[in-house]
Amino acid sequence: SHYDFSVSSKTTDLNLSLEMVPFPINNLKYDIEYASRRLQIQDFSMSLDAGTVSAKGDVFFDEDEPDVNLKLIFDRAE
């Protein structure tokens, strides 16, 4: 059996420095929601030292293995 819950989170212009990540994460922006065993990424983007990374899509957790349907964009990202 599984627990049924939902959560949503959103932010704009968040800057992070993490010990385990060798580069700073700047201008982090995301809008994500989890409900009914589905993770929806409405918007996700961040700036790296050079370029940006963005993602959008869904991850379904209905089966043993997640069903990942994401569109990733690397724009001059290094």
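For reference, positions follow the sequence shown, starting with 1. Excluded from the calculations below are hydrogen atoms, water molecules and symmetry mates; all remaining heavy atoms, backbone and side chain alike, are included.
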For I41 and A55, work out which heavy atoms get closest and say how close.
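Taking every non-hydrogen atom into account, CG2-O, 3.8 Å.
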Kindly give the heavy-atom pair with the smallest separation between D62 and S36, and that separation in Å.
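So the two residues come closest at OD1-O, 4.5 Å.
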Please evaluate residues S9 and Y30 with respect to the criterion side chain to side chain contact (heavy atoms under 4.5 Å, CB included), reporting the C-alpha separation (whole Å), side-chain torsions for both, the decisive distance (0.1 Å), and the verdict.
CA-CA 8 Å; S9 181; Y30 67 80; 2.9 Å; yes
Point-to-point distance, once rounded to the nearest 0.5 Å, from [atom1] of [X] to [atom2] of [Y]:
X: L16; Y: N26; atom1: CG; atom2: CG; result: 8.5 Å
X: N69; Y: D58; atom1: CG; atom2: CG; result: 6.0 Å
X: F44; Y: L28; atom1: CZ; atom2: CG; result: 5.5 Å
X: D31; Y: E33; atom1: CG; atom2: CD; result: 7.5 Å
X: I32; Y: S8; atom1: CD1; atom2: OG; result: 9.0 Å
X: R76; Y: S47; atom1: CZ; atom2: OG; result: 13.5 Å

Are F60 and L70 grouped together when hydrophobic residues (ILVMFWY) are joined by side-chain heavy atoms under 4.5 angstrom apart?
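Not linked; separate clusters.
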Under a 4.5 Å side-chain heavy-atom rule over Ile, Leu, Val, Met, Phe, Trp and Tyr, are I73 and V68 clustered together?
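In one cluster: no.
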Using the salt bridge (charged side-chain N to carboxylate O under 4.0 Å, His left out) rule, take D13 and K29 through it: C-alpha gap first, then chi angles, then the decisive distance, then the call.
CA-CA 6 Å; D13 202 26; K29 176 182 166 186; over 6 Å; no
Please check: side-chain N/O of N27 versus main-chain N/O of M46, any donor-acceptor pairing under 3.5 Å?
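Checking the backbone N and O of M46 against the side chain of N27, no donor-acceptor pair under 3.5 Å is found.
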I want to check something: taking the side chain as every heavy atom from C-beta on, are V53 and L48 in contact at a cut-off of under 4.5 Å?
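Yes - at least one pair of side-chain heavy atoms lies under 4.5 Å apart.
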Ionic contact status for K56 with D43, cut-off 4.0 Å
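No, this pair does not count.
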